Amino acid sequence: MNQKVKKMIAMFSMVAMATAFVAGCGKKDKGTESSVVESKEPFKITGLNQTYGDAPAVDNRIVKEIETYTNTKLDITWAPAASYNDKFVMTIASGEMPMFMLITDDKHSAYLGALKQGAFWEIGPYLKDYPALNSLSKAEWDNSKYEGKNYLVPRWRPIARNGILYRKDWADAAGLKEPTNTDELYTMIKTFGTGDYDKNGKTDTTGFVLDSNFGKYQNDVISYITSVFGASTSWGLDTSGKIVPNYAEKEYLDALKWLRKLYSEKLINQDFAMLQNGKQTFAKGNTGV
């Protein structure tokens, strides 16, 4: 087995879960397998990845731990998420490819063009040797294939990864148990929004805080609430078996009516469309849910 590919895949097992897709780049080594010798020196790995904030420092503890564990030296170029695709396209066009890259869109024309020209390794034959990567389901590996072959290490995410946060101390003070349905959740929200559970002598807390991101992303509050009511996450089947978008389903409308009721009763903050971060409001103790 090509030891360079082997070393990179071992490293992918540890760091790939921090990215959407990781693809191995570069030309294959010339020569026979028997001529490849494993070096005791750290193996340098170059990469291109995105960051939503400051790039990790050179002495970042997590990076150092990964390097020590895998006997590698990571040389990663970090690009801001907002401009990552531009950096990605320019890197491919330059011909100076790093050894791995984050692929945010596996249908991106620049990626597919480079793939067809042989710029990326097929990693499928090596996956059986790496338990961490084999923990991903067959469906996830199949969904990331191109023409029946694996060139990407996909990032796994649970299908349902959102939920409702609530103040347990407030619930205990109100004699409320953890809600198990939307009626109980409504009761909790109304109780928090009409009481003085922050104990400041005023009825000024919000029952349920939302912010401007509540319907912006695929896995957002709207998707969560509508799924609780029984709506499909994206598409579903109507009574006749026809495929319909979830917003055409009765359950989706029921969820919107429920949210509208909360808003009309001022149990949801009225400025949600302008609020940038509802979690900060929750952390400050100004809301119960």
Side-chain angles (χ1 to χ4, degrees), residues 17 20-21 52 81 104-108 136-145 154-168 170-171 174 176-194 205-283 286-289:
M17 300 311 164
F21 294 101
Y52 290 94
T104 58
D105 178 6
D106 62 343
K107 302 297 188 295
H108 196 290
L136 299 177
S137 70
K138 181 178 182 299
E140 287 159 336
W141 283 113
D142 288 345
N143 288 340
S144 63
K145 284 182 177 180
R155 177 170 66 176
W156 176 86
R157 288 172 172 168
I159 296 175
R161 57 196 177 102
N162 286 335
I164 292 292
L165 299 176
Y166 71 91
R167 290 286 299 263
K168 188 176 184 302
W170 290 15
L176 297 174
K177 296 181 179 180
E178 179 176 319
T180 60
N181 55 55
T182 54
D183 288 337
E184 293 175 2
L185 179 58
Y186 168 81
T187 297
M188 174 178 283
I189 292 171
K190 185 170 183 176
T191 300
F192 291 167
T194 56
T205 53
T206 301
F208 185 21
V209 67
L210 293 178
D211 58 33
S212 58
N213 295 314
F214 87 101
K216 186 176 181 181
Y217 304 106
Q218 183 177 3
N219 294 301
D220 51 28
V221 174
I222 289 291
S223 296
Y224 174 75
I225 295 295
T226 55
S227 67
V228 168
F229 272 81
S232 306
T233 53
S234 295
W235 297 84
L237 298 175
D238 63 13
T239 54
S240 66
K242 181 181 178 181
I243 297 176
V244 295
N246 60 353
Y247 55 78
E249 298 173 329
K250 176 183 180 299
E251 293 83 358
Y252 193 96
L253 182 58
D254 290 342
L256 294 185
K257 288 179 178 178
W258 185 81
L259 287 169
R260 173 62 182 171
K261 178 180 180 182
L262 291 174
Y263 182 79
S264 299
E265 296 178 7
K266 295 185 170 24
L267 300 177
I268 291 177
N269 53 307
Q270 304 294 285
D271 65 342
F272 74 89
M274 296 178 287
L275 184 64
Q276 294 297 311
N277 192 334
K279 291 181 180 179
Q280 291 182 354
T281 303
F282 182 80
N286 297 329
T287 186
V289 179

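Keep in mind that the numbers below use all heavy atoms, side chains included, and drop hydrogens, waters and symmetry copies. Numbers here simply count residues along the sequence, with the first being 1. Just so it is clear, the model here is predicted, and its values are computed rather than measured.
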- Can you see which heavy atom on Ile268 is nearest to which on Gln270, and at what distance? O-NE2, 2.8 Å
- Query: Does the Thr287 side chain pair with the main chain of Thr206, one donor and one acceptor, at a distance under 3.5 Å?
  - Reply: yes
- Query: Step by step, would you call Leu267 with Thr194 a side chain to side chain contact (heavy atoms under 4.5 Å, CB included)?
  - Reply: CA-CA 8 Å; Leu267 300 177; Thr194 56; 4.3 Å; yes
- Message: How close do Ala81 and Tyr52 get, counting heavy atoms only, and between which atoms?
- Response: CB-CE2, 3.5 Å
- Query: To the nearest 0.5 Å, what is the distance between CZ (Arg167) and CZ (Phe282)?
  - Reply: 6.5 Å
- Note on the structure: Closest non-hydrogen contact found for Met188 with Lys177 is CE-O, 3.8 Å
- Is the shortest side-chain N to carboxylate O distance from Lys138 to Asp142 below 4.0 Å? yes
- Message: Could you report the tightest heavy-atom contact between Trp141 and Pro154, atom names first, then the distance?
- Response: CZ3-CD, 3.3 Å
- Item | Glu251 side chain to Ser227 backbone, donor-acceptor under 3.5 Å | no
- Note on the structure: To the nearest 0.5 Å, atom OG1 of Thr182 lies from atom CD of Glu184 at 9.0 Å
- Show your working on side chain to side chain contact (heavy atoms under 4.5 Å, CB included) between Val289 and Leu165 and close with a plain yes or no. CA-CA 6 Å; Val289 179; Leu165 299 176; over 6 Å; no
- Does Asp238 use its side chain to pair, donor to acceptor, with the backbone of Glu249 at less than 3.5 Å? no
- Task: Please name the pair of heavy atoms, one in Gly278 and one in Asp211, separated by the smallest distance, quoted to 0.1 Å.
- Result: N-OD2, 2.8 Å
- Query: At what distance, to the nearest 0.5 angstrom, does OG of Ser137 lie from CG of Asn143?
  - Reply: 7.5 Å
- Item | Pairing residues for Asn277 by the side chain to side chain donor-acceptor pair (under 3.5 Å) criterion, not counting sequence neighbours | none
- Message: Measuring from atom CG of Leu262 to atom CG of Leu210, what distance do you get when rounded to the nearest 0.5 angstrom?
- Response: 8.5 Å
- Query: How many angstroms lie between atom CD1 of Ile222 and atom CG of Leu259, to the nearest 0.5 angstrom?
  - Reply: 5.0 Å
- Message: Applying ring-ring contact (aromatic ring centres under 6.0 Å, His included), can you list everything that pairs with Trp170, at least two apart in sequence or on another chain?
- Response: Phe192
- Query: Does any pair with a residue in residues 256-282 pass salt bridge (Lys or Arg N to Asp or Glu O under 4.0 Å), and if so which ones, sequence neighbours excluded?
  - Reply: none
- Item | Non-hydrogen side-chain atoms of Thr281 and Asn269 separated by less than 4.5 Å | no
- Validation row: Leu256, Tyr247 side chains within 4.5 angstrom (heavy atoms): no
- Separation of Glu178 CD from Leu185 CG (nearest 0.5 Å): 10.5 Å
- Query: Do any N or O atoms from the side chain of Ser212 and from the backbone of Leu275 form a donor-acceptor pair under 3.5 angstrom?
  - Reply: yes
